[in-house]
Amino acid sequence: MSFSQSLWNANQALFQSTLELPFNQELASGTLSRERFRHYMIQDAHYLVAYGRALAVTAAKSDNAEGVVQFANAANEAVVVERALHGGFMRDFGVTPEQFAATPLTPACHHYTSYLLATAWSATYPVAVAALLPCFWIYAEVGRDIHARSAKDNPYQAWVDTYASEEFHAAVRGVCATVDRLAEEATEATRAAMHAAYKDAARLEWMFWDSAYRLGDWQGSLR
Ligand SMILES: Cc1ncc(CO)c(N)n1
C-alpha cells in the first residue's frame with residue numbers, strides 16, 4: 001500500500017463523519033441556508049489566502065524544481081479561486097468587499113490557518129506537505145461525493161463542480177505522488193510526523209465545516 005493510501009485509511013472514519021456533517025448533507029441537497037453558505041464563503045476566502053501563503057512557503061522548501069513548480073502553482077491556484085469566490089458567489093450572496101474586509105476570521109478559521117502557516121514555516125518539507133494534503137484530498141473526495149448526489153438546480157453547484165473537477169483531482173494525485181516519494185526517502189520518525197500532521201489538518205477540515213454550520217464566532221466580549 002502506498003504511504004498516501006495509509007494516511008487515507010488511518011483517517012477513514014473521520015472522513016466518513018465529514019461527509020455526514022449537516023453542512024455537507026445540506027450542500028448536496030441544496031437546502032443549506034444562504035446565511036450559512038455566506039458565512040462559510042467569507043471564511044473560506046480568508047482561508048484561501050493563508051493557504052496560498054502556506055503553499056508558497058512549502059514551495060520554497062522543496063528539495064527539487066518540480067516541487068517548486070507544483071506548490072507555487074497550487075499557491076497561485078488558491079488565490080485565483082479566492083478571487084473567483086469574490087467575483088461570483090460573494091456578489092450573488094450580497095457580500096461587498098468592505099463587508100468581507102470587516103469580517104474577522106472565526107476561531108475555527110484562525111485555528112486552521114494558524115496551524116497551516118506555523119507548520120509550513122517551522123516543519124520540514126515532508127511534514128509541511130503532509131499537513132497540506134488533506135486540504136486537497138478531502139475537498140476533492142467531498143466534492144465528488146456531493147457531485148454524485150447533488151440536487152437538480154443546486155444553488156451551490158458551482159462550488160461542487162470546482163472540487164469534483166478532473167483538474168482538482170489531478171492536483172490531488174500530484175500531491176499524493178510527492179508525499180509517497182518523500183515518505184519513501186524519510187526516516188520512521190518523519191513518517192510518524194507526517195501521519196500526525198495529516199491527521200491534525202483532517203480534523204481542522206472537519207471543524208471548519210462544523211463551525212460554518214453553527215455560524216461559529218468568538219464569544220461575547222472576545223468579538
Ligand atoms: C477549508 C478549506 N480547505 C480546503 C480547500 C480546498 O482548496 C478550501 N477551499 N477550504
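We use all heavy atoms of the structure for the numbers below, so side chains are in, but hydrogens, waters and symmetry mates are not. Small disclaimer: the values here were computed from a predicted structure and weren't measured. Ligands are counted one by one from 1 in listed order, and the atoms in each one are counted from 1 as well.
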Close aromatic pair by centroid cut-off 6.0 Å: Phe89 and Phe37: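 They qualify: ring centres under 6.0 Å apart.
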Would you tabulate the polar-atom pairs, meaning N/O of ligand 1 against N/O of the protein, with distances under 3.5 Å, reported to 0.1 Å?
from     : atom 1 : to     : atom 2 : distance (Å)
ligand 1 : 3 (N)  : Tyr47  : OH     : 3.4
ligand 1 : 3 (N)  : Glu205 : OE1    : 3.2
ligand 1 : 3 (N)  : Glu205 : OE2    : 2.7
ligand 1 : 9 (N)  : Asp44  : OD2    : 2.9
ligand 1 : 9 (N)  : Tyr163 : OH     : 3.0
ligand 1 : 10 (N) : Asp44  : OD1    : 2.6
ligand 1 : 10 (N) : Tyr139 : OH     : 3.2

Co-members of Val57 in a cluster of I, L, V, M, F, W and Y side chains, linked at under 4.5 Å: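 Leu117, Trp121, which link up through side-chain heavy atoms under 4.5 Å apart, make up the rest of the cluster.
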Close side-chain approach of Trp8 to Glu141, heavy-atom, < 4.5 Å: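 Side-chain contact under 4.5 Å: yes.
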Side chain to side chain, Tyr40 and Tyr213, heavy atoms closer than 4.5 Å: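 Result no, sub-4.5 Å side-chain heavy-atom pair not found.
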Using a 3.5 Å cut-off and no angle test, enumerate the donor-acceptor pairs between side-chain atoms of residues 160-167 and protein atoms at least two apart in sequence or in another chain.
from   : atom 1 : to     : atom 2 : distance (Å)
Asp161 : OD1    : Gln157 : NE2    : 2.9
Thr162 : OG1    : Ala158 : O      : 2.8
Ser165 : OG     : Thr162 : O      : 2.9
Ser165 : OG     : Phe168 : N      : 3.2
Glu166 : OE2    : Arg173 : NH2    : 2.6

Atom pairs and distances, donor-acceptor, side-chain atoms in residues 191-200, under 3.5 Å, two or more places apart:
from   : atom 1 : to     : atom 2 : distance (Å)
Arg191 : NE     : Glu188 : OE1    : 3.4
Arg191 : NH1    : Ala183 : O      : 2.7
Arg191 : NH1    : Ala186 : O      : 3.0
Arg191 : NH2    : Glu188 : OE1    : 2.7
His195 : NE2    : Ser6   : OG     : 3.4

